[in-house]
Engineer: 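Here it is: the structure, laid out below.
Since we're looking at a predicted model, the values are computed, not measured.
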Amino acid sequence: MLTFRHDALDLDEDEIKRAMSLIDSMAADDLSGYRDHYREALEEVIEAKREGQELPEPATKEDNGTGGVVDLMEALAASVQRAKESRGETGEDATVHEMKPRKKTAAKKTAKKAPAKKAATKKAAAKKSASRKPRSA
């Protein structure tokens, strides 16, 4: 019986059984259909070095049919092209029509408020204090 204990987790017996069932369903019983290509290539290199022979050429993308970098923009362009073809589009550019300018609506005018008088009084007060001479004691 497998038990799992952790201070932050509280798993009941049913959750553990479901997790084990999922793991069992995903596990492969027969691994004979799989090959470790990296290990095979590494063994070839080791054997060639051991016997003093020339090292084998590295496998290319065409040799093993896997790997390679996918150009996402190229894949997207090809996908768009296939979609256009399936819809029967010719692939010609869209026609461009000149747009008429929108009618201008009359802007609402708001009444301008008179500037606040407090700012003017502060400036006047500043001028008065600057023109005073300090009293001598």
Engineer: How many angstroms lie between atom NZ of Lys100 and atom CD of Glu98, to the nearest 0.5 angstrom?
Structural biologist: 10.0 Å

Engineer: When you compare the side chain of Glu47 with that of Glu44, does any pair of heavy atoms fall below 4.5 Å?
Structural biologist: no

Engineer: Return the CE to CG distance between Met26 and Asp24, rounded to the nearest 0.5 Å.
Structural biologist: 11.5 Å

Engineer: What I want to find out is whether Arg82 reaches Glu85 closely enough, with some N-O distance under 4.0 Å, to be called a salt bridge.
Structural biologist: no

Engineer: Check this for me: Arg87, atom CZ, are more than 12 non-hydrogen atoms of other residues, nucleotides or ligands nearer than 6.0 Å?
Structural biologist: yes

Engineer: Any side-chain heavy-atom pair from Ile46 and Glu43 closer than 4.5 angstrom?
Structural biologist: no

Engineer: Working to the nearest 0.5 Å, report the span between CG of Leu42 and NE2 of His37.
Structural biologist: 14.5 Å

Engineer: Give the C-alpha distance, both sets of side-chain angles, the deciding distance and a yes or no for side chain to side chain contact (heavy atoms under 4.5 Å, CB included) between Lys17 and Met20.
Structural biologist: CA-CA 5 Å; Lys17 285 180 184 177; Met20 294 301 292; 5.8 Å; no

Engineer: Nearest 0.5 Å, what's the CG-CG distance between Leu76 and Asp71?
Structural biologist: 10.0 Å

Engineer: With rounding to the nearest 0.5 angstrom, report the CZ to CG distance, Arg18 to Leu11.
Structural biologist: 10.0 Å

Engineer: Can you tell me how far OG of Ser79 sits from CD of Glu74, rounded to the nearest 0.5 angstrom?
Structural biologist: 12.5 Å

Engineer: Verify the neighbour count for atom CD of Glu54: are there more than 12 heavy atoms of other residues, nucleotides or ligands below 6.0 Å?
Structural biologist: no

